[in-house]
Amino acid sequence: MSAEDLEKYETEMELSLYKEYRDIVGQFSYVVETERRFYLANSVDVTPRNPEGEIYFEVRMSDAWVWDMYRPARFVKNVRVITFKDVHVEELDKPDLRLPEGEAFG
């Protein structure tokens, strides 16, 4: 496999992952970003820990989806992440009404 073939494969995998994300993002309540991964989750708990003066974060998520193109199963029941880096949690907006895309009314 050439470097060009590998790059094409990775580009196709990334596009496929983006399409999957776009299709499922509405099923989740939170976006969680750590230094290594990006998650969608319906439950998130971030707990700062400080044993012996070093601060780290314990992040627990349930009903989650992981952005990782090399992972065969991206849906995860429970996730626990330990990190010394920043953790970003954003609550997703849930509009009450979504119109179907590409369908005509009338």
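Residues passing the side chain to side chain contact (heavy atoms under 4.5 Å, CB included) test with Thr11, sequence neighbours excluded: Glu7. Considering only residues two or more places apart in sequence or on other chains, Leu15 meets the side chain to side chain contact (heavy atoms under 4.5 Å, CB included) condition with Lys19. Not counting sequence neighbours, the partners of Thr83 by the side-chain hydrogen bond (donor to acceptor under 3.5 Å, both in side chains) test are Glu35. Applying the ring-ring contact (aromatic ring centres under 6.0 Å, His included) rule to Phe84 yields the partners Tyr56; only residues at least two apart in sequence or on another chain are considered. In this view, Asn50 satisfies the side-chain hydrogen bond (donor to acceptor under 3.5 Å, both in side chains) rule with no residue, not counting sequence neighbours. In this view, Ser29 and Asn42 satisfy the side-chain hydrogen bond (donor to acceptor under 3.5 Å, both in side chains) rule, not counting sequence neighbours. Residues that satisfy the side chain to side chain contact (heavy atoms under 4.5 Å, CB included) test with Ser62, not counting sequence neighbours, are Ser43, Asn78. Under the rule for a side chain to side chain contact (heavy atoms under 4.5 Å, CB included), the partners of Tyr9 that lie at least two apart in sequence or sit in another chain are Met13.
Applying the salt bridge (Lys or Arg N to Asp or Glu O under 4.0 Å) rule to pairs touching residues 40-59 yields Arg49-Glu58, Glu58-Arg60, Glu58-Arg80, sequence neighbours excluded. Note on residues 62-78: pairs passing salt bridge (Lys or Arg N to Asp or Glu O under 4.0 Å), not counting sequence neighbours, are Glu20-Arg74, Arg37-Asp68. Applying the salt bridge (Lys or Arg N to Asp or Glu O under 4.0 Å) definition to pairs two or more places apart or across chains, none involves residues 83-92.
Applying the 6.0 Å contact sphere to CZ of Arg22 captures more than 12 heavy atoms from other residues, nucleotides or ligands.
Here the OH-OG1 distance, from Tyr39 to Thr34, works out to 5.0 Å after rounding to the nearest 0.5 Å. Atom CG in Leu92 sits 9.5 Å away from atom OH in Tyr30 (nearest 0.5 Å).
Using cut-offs of 30° and 60° for the angle between ring planes, the Phe75 and Phe28 rings count as parallel.
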